[in-house]
Q: 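Structure below; questions to follow.
Chain identifiers are assigned alphabetically (A, B, ...) following the order of the sequence lines, protein sequences preceding nucleic acid strands; residue numbering begins at 1 within each chain.
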Protein chains: 2
Amino acid sequence: MGEPRIIELAPRPLPKDLTPDVFVAECPTRRVLDRVADKWAVLILILLADGTKRFNALKRMIGGVSQKMLSQTLKSLERDGLVARRAIPTVPVTVEYSITPLGRTLHAAVDPLRIWAETHIAAVEAAQARYDAEQRQG
Amino acid sequence: MGEPRIIELAPRPLPKDLTPDVFVAECPTRRVLDRVADKWAVLILILLADGTKRFNALKRMIGGVSQKMLSQTLKSLERDGLVARRAIPTVPVTVEYSITPLGRTLHAAVDPLRIWAETHIAAVEAAQARYDAEQRQG
DNA sequence: GCTATCTAGTCTCCATCGGATACTAGCATA
DNA sequence: TATGCTAGTATCCGATGGAGACTAGATAGC
């Protein structure tokens, strides 16, 4: 239990061919997609793209995130090379998280998701209302 | 347990202001982002954007998906108005799933994620190897 | 002097989530 | 008669995620 899963070196079955394919469960790209299609990762990346932030600042800005998930997600993002962690030996110690160049390329792919949610929210809620009404009398 | 969670009409606290903000846990846009930043939803949308498909076809194409998650995710996507379900009364019954116009707008926002995973996989794996090596020697 | 507070987490407990497996119906095929 | 097809559902159990207590070491307040 001292070892969080992300530290474990998972046995990595080599892909049969060299074409990356997210639809193959064992493909490394699929593992990356699994990690990246994650609400906390998306929210953290969007915030850090806007500037370096400290742990508790992120915690305050992301409504509903637990310390455990924030800590876990940041560690994964750091391992994936998307986020950089810098500990400053003050008392108490402060830790700064910033986005890396690689992380910035992912942010470009991820921010449209936030935009989409914010612009199409009305259409989604309308669809849900329609669906629920049909279910009740259907 | 007969009622899956997506059917429940969750008590929906009204947002204090009218600005959608995914960082607020109670904001409807956040709920949408939570649903949409999901690996199965992403993979299903990408496949259906390419053409109408049947349940078992999707199951075969998406490596590692369980029937339960496929069925649940399709139902959610249908409720959100992103996917249309058509049951054809053959024997045995066949069911066709297709993407809606709204779903197509989301697909445009989601496909870059797949592209990103497939193009940056090498950089991510390199970062992971670097991180793991550092961890081992402290 | 004693207590509270700040930081960035970790630890433990528990509810929920997701995966594996078995099962359903009704007809076609071997 | 047994087997397979369809599109799921029911059930069990392990993995995941959230709530809250707890850690260190220095500082500020009473």
Side-chain angles (χ1 to χ4, degrees), chain A residues 1-8 10 25-26 30-31 33-35 37-44 48 52-79 83-98 135, chain B residues 1-8 10 25-26 30-31 33-35 37-44 48 52-79 83-98 135:
Chain A
M1 304 291 160
E3 296 293 287
R5 66 173 155 79
I6 53 165
I7 302 296
E8 291 166 16
E26 300 78 18
R30 169 64 165 278
R31 265 195 294 271
L33 184 68
D34 291 354
R35 281 254 50 266
D38 167 74
K39 58 178 171 178
W40 301 131
V42 167
L43 293 172
I44 290 173
L48 291 186
T52 294
K53 283 175 187 54
R54 304 193 358 211
F55 186 88
N56 278 336
L58 289 169
K59 185 161 141 38
R60 274 188 298 271
M61 298 176 88
I62 303 176
V65 74
S66 65
Q67 285 185 315
K68 178 179 169 181
M69 285 316 294
L70 182 55
S71 160
Q72 256 183 37
T73 309
L74 282 169
K75 211 175 282 183
S76 289
L77 291 174
E78 190 197 354
R79 185 170 108 100
V83 154
R85 179 185 186 275
R86 188 165 72 99
I88 305 159
T90 54
V91 168
V93 75
T94 60
V95 179
E96 275 184 4
Y97 290 94
S98 53
Q135 291 313 96
Chain B
M1 304 295 163
E3 296 294 290
R5 65 174 156 78
I6 52 164
I7 301 298
E8 291 166 13
E26 299 77 19
R30 167 67 164 276
R31 265 193 294 270
L33 185 68
D34 291 355
R35 283 253 52 265
D38 168 74
K39 57 177 171 179
W40 302 131
V42 166
L43 294 172
I44 291 173
L48 292 187
T52 294
K53 282 173 187 57
R54 300 185 10 204
F55 186 88
N56 279 337
L58 289 170
K59 184 160 142 37
R60 274 188 299 271
M61 300 177 84
I62 304 178
V65 73
S66 63
Q67 284 185 317
K68 178 178 167 181
M69 285 316 294
L70 181 55
S71 158
Q72 255 181 40
T73 308
L74 283 169
K75 210 175 282 182
S76 289
L77 290 174
E78 189 196 354
R79 186 171 105 102
V83 154
R85 178 184 188 277
R86 188 166 71 100
I88 305 158
T90 54
V91 167
V93 75
T94 60
V95 179
E96 274 184 3
Y97 290 94
S98 55
Q135 291 314 97

Q: In terms of side-chain heavy atoms of B:V95, which of C:dA8, D:dA19, D:dG8 is nearest?
A: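 So the nucleotide nearest the side chain must be D:dG8.
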Q: What's the CD-P distance between A:Q67 and C:dG9, to the nearest Å?
A: 10 Å
Q: For residues A:A25 and B:G63, report the shortest heavy-atom separation together with the two atoms involved.
A: CB-O, 3.6 Å
Q: Measure from CE on B:M69 to C1' on D:dA15 and round the result to the nearest Å.
A: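 Taking atom C1' of D:dA15 as the reference, CE of B:M69 is at 13 Å.
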Q: Please give, in whole Å, the distance from C:dA8 C1' to A:R85 CZ?
A: 8 Å
Q: Check whether any side-chain nitrogen or oxygen of A:S71 sits under 4.0 Å from OP1 or OP2 of C:dT10, and answer yes or no.
A: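 For A:S71, the contact criterion (side-chain N or O under 4.0 Å from OP1 or OP2 of C:dT10) is met.
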Q: Can you tell me the distance, in whole Å, between the CG atom of B:D34 and the P atom of D:dG17?
A: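 B:D34 atom CG is separated from D:dG17 atom P by 13 Å.
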Q: Mind calculating the distance between CG (B:D38) and C1' (C:dC17) to the nearest angstrom?
A: 12 Å
Q: For DNA chain C, what dot-bracket results from Watson-Crick or G-U pairs at under 3.5 Å, with [ ] for crossers and | for inter-strand partners?
A: ||||||.|||||||||||||||||.|||||
Q: Please give me the minimum heavy-atom distance between B:V93 and B:I88, naming the atom from each residue.
A: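 Shortest heavy-atom contact: CG2-O, 3.2 Å.
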Q: Does C:dT10 have its OP1 or OP2 closer than 4.0 Å to a side-chain nitrogen or oxygen of A:K75?
A: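 Yes, within the criterion.
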Q: Expressed in angstrom and rounded to an integer, what is the separation of B:R54 atom CZ from D:dT6 atom C1'?
A: 7 Å
Q: Checking contacts here: which listed nucleotide (D:dG17, D:dG25, C:dG19) is nearest the side-chain heavy atoms of B:K39?
A: C:dG19
Q: Whole Å only: how far is the CD atom of A:E96 from the C1' atom of C:dG9?
A: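 It is 17 Å, rounded to the nearest whole Å.
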Q: Which nucleotide in the list C:dA8, C:dC27, D:dG18 gets nearest to the side chain of A:F55?
A: C:dA8
Q: Between A:L77 and A:Y97, is any pair of side-chain heavy atoms under 4.5 Å apart?
A: no
Q: Could you please spell out the steps behind the side-chain contact (heavy atoms from CB on, under 4.5 Å) verdict for A:R35 and A:T73?
A: CA-CA 9 Å; A:R35 281 254 50 266; A:T73 309; 4.2 Å; yes
Q: Atom CD1 of A:I62 to atom P of C:dA8: distance rounded to whole Å?
A: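 Value for this atom pair: 14 Å.
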Q: Take A:R85 and A:L74 through the side-chain contact (heavy atoms from CB on, under 4.5 Å) test and state the conclusion after the steps.
A: CA-CA 9 Å; A:R85 179 185 186 275; A:L74 282 169; over 6 Å; no
Q: Please name the pair of heavy atoms, one in A:Q67 and one in A:F55, separated by the smallest distance, quoted to 0.1 Å.
A: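 Smallest interatomic distance, heavy atoms only, reads O-CZ, 4.0 Å.
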Q: Find which nucleotide of DNA chain C each of A:L74 and A:K68 is nearest to by heavy atoms, and output the residue with the more 5' nucleotide.
A: A:L74
Q: Let's see if you can work this out: which of D:dA7, D:dA26, D:dG8 has an atom nearest to the side-chain heavy atoms of B:Y97?
A: D:dG8
Q: For D:dG18, does OP1 or OP2 lie under 4.0 Å from any side-chain N or O of A:W40?
A: yes
Q: Please step through side-chain contact (heavy atoms from CB on, under 4.5 Å) for the pair B:V65 and B:L43, ending with a clear verdict.
A: CA-CA 10 Å; B:V65 73; B:L43 294 172; over 6 Å; no
